[in-house]
Amino acid sequence: MKRYRCTVCGFVYDPVDGDPDGGILPGTSFDNVPDDWTCPVCGVNKSEFTEDDW
């Protein structure tokens, strides 16, 4: 699964980890993260994330 980086603060959403504090279980692909989810660091919308080239 691909990782996605917040273009505002640099937070990386890794599907292996998910975002348990935000209600996103580990193993959840970014495509399956709800559209109303926000960055846990800076609070921007999911649309501000881009695919991470790691």
Side-chain angles (χ1 to χ4, degrees):
M1 286 189 269
K2 298 176 184 176
R3 298 177 352 160
Y4 287 78
R5 181 177 304 275
C6 177
T7 59
V8 175
C9 73
F11 170 80
V12 175
Y13 175 82
D14 188 337
V16 171
D17 301 326
D19 178 21
D21 292 339
I24 309 301
L25 296 175
T28 303
S29 72
F30 195 72
D31 290 338
N32 291 328
V33 171
D35 290 336
D36 63 350
W37 176 80
T38 57
C39 177
V41 175
C42 70
V44 297
N45 189 291
K46 177 182 170 184
S47 65
E48 298 295 326
F49 281 70
T50 61
E51 192 174 320
D52 188 41
D53 296 326
W54 58 301

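All values derive from a computational prediction rather than experimental measurement.
Within the 4.5 Å cutoff, the side chain of Lys46 has heavy atoms near those of the Phe30 side chain. A heavy-atom distance below 4.5 Å is found between the side chains of Ile24 and Tyr13. Side-chain contact check for Val44 versus Phe11: every heavy-atom pair is 4.5 Å or farther apart.
Between the SG atom of Cys39 and the OH atom of Tyr4 there is a distance of 15.5 Å, given to the nearest 0.5 Å.
With Arg5 contributing its side chain and Val12 its backbone, the two residues share no donor-acceptor pair below 3.5 Å.
Nearest heavy-atom pair, Thr28 versus Pro15, reported as atom, atom and distance to 0.1 Å: O-CB, 3.3 Å. The shortest non-hydrogen separation linking Pro26 to Val16 is CB-O, 3.3 Å.
In the hydrophobic cluster analysis, where Ile, Leu, Val, Met, Phe, Trp and Tyr join through side-chain heavy atoms closer than 4.5 angstrom, Met1 is grouped apart from Phe49.
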